[in-house]
Amino acid sequence: MEDDAPVIYGLEFQARALTAQTAETDAVRFLVGTQSLKFDNQIHIIDFDDENNIINKNVLLHQAGEIWHIGASPADKAVLTTCYNKSESHCLLLSVAPFAASLCSSFFSSDSRVVSCAAVWRMPSDWETGSHESPDESAHNPQTLELLCHLDDSTHGNAACVLWEPMGDGKRVISLADNHALLWDLQESSTQATVSSTATLEGKGQLKFTSGKWSPHHNCSQLATANDTAIRGWDLRTMSQIYCIENAHGQLVRDLDFNPNRQYYLASCGDDCKVKFWDVRSVQEPVKTLEEHSHWVWSVRYNHSHDQLVLTASSDSRLILSNMVSISSEPFGHLVDDEELSEGEELHQEDKGKEPLKDSVVSTYEEHEDSVYAAEWSSADPWLFASLSYDGRLVINRVPRALKYRILL
């Protein structure tokens, strides 16, 4: 049973920000944000035609700065958030005289600072219509994103990421800025944002959030965050800490993800090259640890439908798909009601149910030649996923057919 070859798309600029278009459940679509210091940055809308195995693209300008994080609204296909860097120069000589430009350049490095901002954007109204008839046209004459509102509060520091409320109506987001978690209410079609509550990370030194994940369970009332080597859980109703995993990793924790089917299970990855799975009710030890990567692990993602499938992306230039069936919602495989089975199938089901299936690495993908910073499952097709490396290479792959049918049948 031969699997389809991966499909590769190359961006002109370096990139590390990737998300599936969450509100799109019919078409396979991903959004990629670029990181260029010299040129206007872009958001590439990537449509994957599964039948013909080809990619269609649309390019939008993101002139605000280089994109470090991107998130898609769960309710509106045209709305997204970005976290981006911009330089704030305090040099005033440029406005005095042209000859001062050379003087200013020497001041620029010391008198300017890079700030990380966050904003909500809307794609142009016609981004989806007629864009694929001439695929190169959008790249040569790209349209610009419409700024809806900023999610910046200078008193709270630099934005690291913005998280949309899972399965929400697109009216609540959380931004993590330095040591603050800010819960925002979006109003007036996302053109206004107000902070409804905040939580502060307290302790010795300059504490900073590095990443976070909004739990889809408990009526979306919980948040998990990473700072340094620790993972913390927060109750969003009171903005108070509910659990803490000190030294969850030997080095910096890079990413988190909640199991979509098991409400207390959380995955983490970090600079110690490890991926760990936690039951947040008992955080003394991880439930499971993977040590398949040889460098920092930047991204971990549960499959939205089949939670035994876990993607991990690393600076070792590899993407790994693991089958973590022993800690999934179906550790004995897909169990069927007895009424649906014939006598022969019942015997087979009894044999199958005697012992849990074993965890394994399903596949290691080596199409990348640079650090793989992001991996995301499609929101439209549970068997399809994308990965992005820093050199601007986006690769779309599928779960091997043999495993797909083993899970389904």
Side-chain angles (χ1 to χ4, degrees), residues 18-26 28-30 71-75 161 163-170 172-174 211-226 231 233-236 242-243 245 254-269 275-281 283 286-288 290 297 299-313 319-335 356-357 359 362 374-387 397-399 403-404 406-408:
L18 169 70
T19 184
Q21 193 180 38
T22 319
E24 177 57 79
T25 55
D26 294 326
V28 175
R29 187 174 294 140
F30 296 95
S73 164
C161 64
L163 312 169
W164 288 90
E165 181 178 20
M167 302 168 293
D169 55 6
R172 292 210 305 169
V173 295
I174 290 171
S211 66
K213 200 73 177 182
W214 197 328
S215 172
H217 308 294
H218 314 288
N219 292 321
C220 298
S221 65
Q222 291 187 12
L223 167 75
T225 60
I231 298 169
W234 305 83
D235 186 328
L236 297 175
I242 49 178
Y243 59 82
I245 311 173
R254 290 283 176 188
D255 198 20
L256 304 167
D257 199 21
F258 280 98
N259 186 315
N261 299 327
R262 301 191 73 181
Q263 60 182 335
Y264 297 108
Y265 276 63
L266 174 73
S268 65
C269 61
V275 179
K276 296 186 179 183
F277 299 88
W278 306 89
D279 182 337
V280 298
R281 296 167 298 183
V283 297
V287 178
K288 203 91 178 178
L290 290 180
V297 188
S299 180
V300 58
R301 286 291 179 270
Y302 278 106
N303 186 288
H304 308 308
S305 304
H306 310 285
D307 57 279
Q308 65 264 53
L309 300 178
V310 178
L311 284 173
T312 54
L319 178 75
I320 293 179
L321 173 63
S322 300
N323 188 19
M324 303 304 295
V325 69
S326 73
I327 53 172
S328 73
S329 55
E330 295 183 341
F332 295 91
H334 182 58
L335 301 180
L357 300 170
D359 300 333
V362 175
E376 294 287 349
W377 292 96
S378 163
S379 55
D381 183 343
W383 309 108
L384 197 141
F385 52 92
S387 54
N397 267 298
R398 297 175 181 84
V399 173
L403 176 60
K404 173 181 174 179
R406 201 183 318 146
I407 290 172
L408 289 176

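Numbering of residues begins at 1 and proceeds along the displayed sequence. Keep in mind the model is a prediction, meaning the values are calculated, not measured.
The backbone N or O of Pro382 lies less than 3.5 Å from no partner atom in the side chain of Trp377, so there is not a single donor-acceptor pair. Judged purely by atom type and a 3.5 angstrom limit, Ser322 has no side-chain atom pairing as donor or acceptor with the backbone of Met324. Checking side-chain atoms of Asp307 against main-chain N and O of Ser329 turns up a donor-acceptor pair under 3.5 Å. Under a 3.5 Å cut-off, the side chain of Glu24 and the backbone N or O of Asp26 do form a donor-acceptor pair. Although no hydrogens or angles enter the test, the distance criterion places no donor-acceptor pair under 3.5 Å between the side chain of Ser211 and the main chain of Ala226. A side-chain donor-acceptor contact under 3.5 Å links His217 to the backbone of Asn259.
No side-chain heavy atom of Leu256 sits less than 4.5 Å from a side-chain heavy atom of Val300.
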(message) Is there a salt bridge (charged side-chain N to carboxylate O under 4.0 Å, His left out) between Asp359 and Lys288? Walk through the geometry before answering.
(response) CA-CA 10 Å; Asp359 300 333; Lys288 203 91 178 178; 3.0 Å; yes
(message) Could you walk me through whether Ile407 and Gln308 satisfy the side-chain contact (heavy atoms from CB on, under 4.5 Å) test, starting with their C-alpha distance in whole Å, then the side-chain angles of each, then the deciding distance to 0.1 Å, before giving a yes or no?
(response) CA-CA 10 Å; Ile407 290 172; Gln308 65 264 53; 3.8 Å; yes
(request) For side-chain contact (heavy atoms from CB on, under 4.5 Å), just list the numbers for Ile320 and Val275, CA-CA rounded to whole Å, side-chain angles, deciding distance to a tenth of an Å, and then say yes or no. (result) CA-CA 11 Å; Ile320 293 179; Val275 179; over 6 Å; no
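In this structure, OH in Tyr302 is found 7.0 Å from CG in Leu266, a value given to the nearest 0.5 Å. Expressed to the nearest 0.5 Å, how far CZ of Phe30 lies from CD of Glu376 amounts to 8.0 Å. Rounding to the nearest 0.5 angstrom, the gap separating the NE2 atom in His304 from the CG atom in Asp257 is 8.0 Å. Atom OG1 of residue Thr312 and atom CG of residue Leu290 lie 7.0 Å apart, to the nearest 0.5 angstrom. Rounded to the nearest 0.5 angstrom, Ser387 OG and Leu321 CG are separated by 11.5 Å. How far CG of Asp381 is from CZ of Arg398: 8.0 Å, rounded to the nearest 0.5 Å.
The minimum heavy-atom distance between Arg281 and Tyr265, with the atom names listed, is NH2-CE1, 4.4 Å. Of all the heavy atoms in Gly170 and Ala75, the pair that sits closest is N-CB, 3.8 Å. Here the shortest heavy-atom pairing between Leu319 and Ala313 reads CD1-CB, 4.0 Å. Across all non-hydrogen atoms, the minimal contact from Ala72 to Thr22 is O-OG1, 3.6 Å. Contact between Ser328 and Arg262 at its shortest, heavy atoms only, is O-NH1, 3.4 Å. Closest approach of His218 and Tyr264 over heavy atoms only: CE1-CE2, 3.8 Å.
Listed by chain and number, the residues in a side-chain hydrogen bond (donor to acceptor under 3.5 Å, both in side chains) with Asp169 amount to none (sequence neighbours excluded).
Using a 4.0 Å cut-off between charged side-chain N and carboxylate O, Arg301 and Asp255 make a salt bridge.
Relative ring orientation between His306 and Trp383 is described as parallel, the plane-to-plane angle staying below 30° on a 0-90° scale split at 30° and 60°.
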